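Everything below concerns the one structure shown next.
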Amino acid sequence: KIETNEFAKLSAATLNIGSGAGNPITNTAATTVTNTNLNINAGLQPITLSLANDFQGTVSLSSTNNGVTYPATTITDVNTLKLGTVNVGGALAVTSTGTTLNNNVTTGKGAVSFTGPVTLANNILVNATDTANSTVAFGGTVDGTAAGSQSLTVQNASSTTFSGTVGNTTALRDRKS
């Protein structure tokens, strides 16, 4: 089990965190990771980073499912969260004052939710692969970084909800859901 029990402040160019023994990755105290790209791989286990964290570099998340176990991923940032590649086996819940999506988001069984505004740094595919419960919810605005340059494609079998305006501040090239 990888766990931070006290406030932790980490700094390096890239930090790779993995639970090779197949244990959950969780924090029980707020964590600050300064100017560091963070790669987290939990295997068949959940990732729960739900406290007042401050990830200042790009965070990539990875877990798998085996058709029986679908580990959920929860990540919270008190500031803007920069997400790299996200490929998780279960549901995904992202909470921040703003999320920048740099790469595609793929999930297994479960819903996908972004709380707060989302900015697309590139063309983004959100692929919620579960056919029964693959709702995707954007809880704030969705904007690009350069007018007419980024597109958003959402692939899921259920519903897609946009609670805020799409392309209001910076227009998207295209949106498909």
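Quick caveat: nothing in here was measured; it's all calculated off a predicted structure. Values below: every heavy atom of this structure, side chains too, minus hydrogens, waters and symmetry copies.
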With side chains defined as the heavy atoms from C-beta onward, is the minimum distance between L81 and V59 less than 4.5 Å? yes
For the atom pair OG (S50) and CD1 (I75), what is the distance rounded to the nearest 0.5 Å? 10.0 Å
Excluding sequence neighbours, so at least two apart, what forms side-chain hydrogen bond (donor to acceptor under 3.5 Å, both in side chains) with D77? none
Distance-minimising heavy-atom pair for Q56 and T32: NE2-CG2, 3.8 Å
How far apart are the C-alpha atoms of L49 and T76, what are their side-chain angles, what is the distance that settles it, and do they pass the side-chain contact (heavy atoms from CB on, under 4.5 Å) test? CA-CA 6 Å; L49 303 171; T76 300; over 6 Å; no
Which residues pass the side chain to side chain contact (heavy atoms under 4.5 Å, CB included) test with L51, sequence neighbours left out? N27, N53
Between N122 (side chain) and N102 (backbone), is there a donor-acceptor pair under 3.5 Å? yes
Look only at the side chain of S62 and the backbone of N41, and say whether a donor-acceptor pair between them is shorter than 3.5 Å. no
Applying ring pair (Phe, Tyr, Trp, His ring centres under 6.0 Å), name anything that partners F55, two or more places apart in sequence or on another chain. none
For S151, all residues meeting side chain to side chain contact (heavy atoms under 4.5 Å, CB included), sequence neighbours excluded: N123, R173, D174
Any side-chain heavy-atom pair from L125 and Q155 closer than 4.5 angstrom? yes
Residue list, side-chain hydrogen bond (donor to acceptor under 3.5 Å, both in side chains) with T161, at least two apart or on another chain: none
Write out all pairs satisfying ring pair (Phe, Tyr, Trp, His ring centres under 6.0 Å) with one or both partners inside residues 61-119, taking only residues at least two apart or from two chains. F114-F138
Note, L44 side chain near T64 side chain (heavy atom, < 4.5 Å): yes
With a 4.5 Å heavy-atom cut-off, do N103 and V86 have their side chains touching? no
How far apart are the C-alpha atoms of T85 and N104, what are their side-chain angles, what is the distance that settles it, and do they pass the side-chain contact (heavy atoms from CB on, under 4.5 Å) test? CA-CA 6 Å; T85 301; N104 296 332; over 6 Å; no
Roughly how far apart are T73 OG1 and L61 CG, rounded to 0.5 Å? 6.0 Å
So, does D143 use its side chain to make a donor-acceptor pair with the main chain of T169 at under 3.5 Å? yes
Working note: T160 + V154, criterion side-chain contact (heavy atoms from CB on, under 4.5 Å); need CA distance, chi angles, decisive distance, verdict. CA-CA 8 Å; T160 302; V154 179; 3.5 Å; yes
Across all chains, not counting sequence neighbours, the side chain to side chain contact (heavy atoms under 4.5 Å, CB included) partners of N87 are T106
Using side-chain hydrogen bond (donor to acceptor under 3.5 Å, both in side chains) as the criterion, list what pairs up with T99, not counting sequence neighbours. S96
Check side chain to side chain contact (heavy atoms under 4.5 Å, CB included) between P46 and all other residues, then give those that pass, not counting sequence neighbours. P24, T48, P71
Measuring only between side-chain heavy atoms, which start at C-beta, is V105 closer than 4.5 Å to L92? yes
Of all the heavy-atom pairs spanning V126 and V112, show the shortest one and how long it is. CG1-CG1, 4.4 Å
Just grab all the side-chain hydrogen bond (donor to acceptor under 3.5 Å, both in side chains) pairs involving residues 107-119, residues at least two apart or on different chains. none
Side chain to side chain contact (heavy atoms under 4.5 Å, CB included), paired with V118, selected from L101, V166, V94, T100: L101
Could you tell me the separation between the CD1 atom of I47 and the OG1 atom of T74, rounded to the nearest 0.5 Å? 9.5 Å
Indicate the atoms forming the closest heavy-atom contact of T97 with T80, along with that distance. OG1-N, 3.4 Å
Indicate whether any N or O donor in one side chain lies under 3.5 Å from an N or O acceptor in the other, for Q150 and T145. yes
Please enumerate all residues that pass side-chain hydrogen bond (donor to acceptor under 3.5 Å, both in side chains) together with N79, with sequence neighbours excluded. D54
Do you know which two heavy atoms are closest between S63 and A42, and how far apart they sit? CB-CB, 4.4 Å
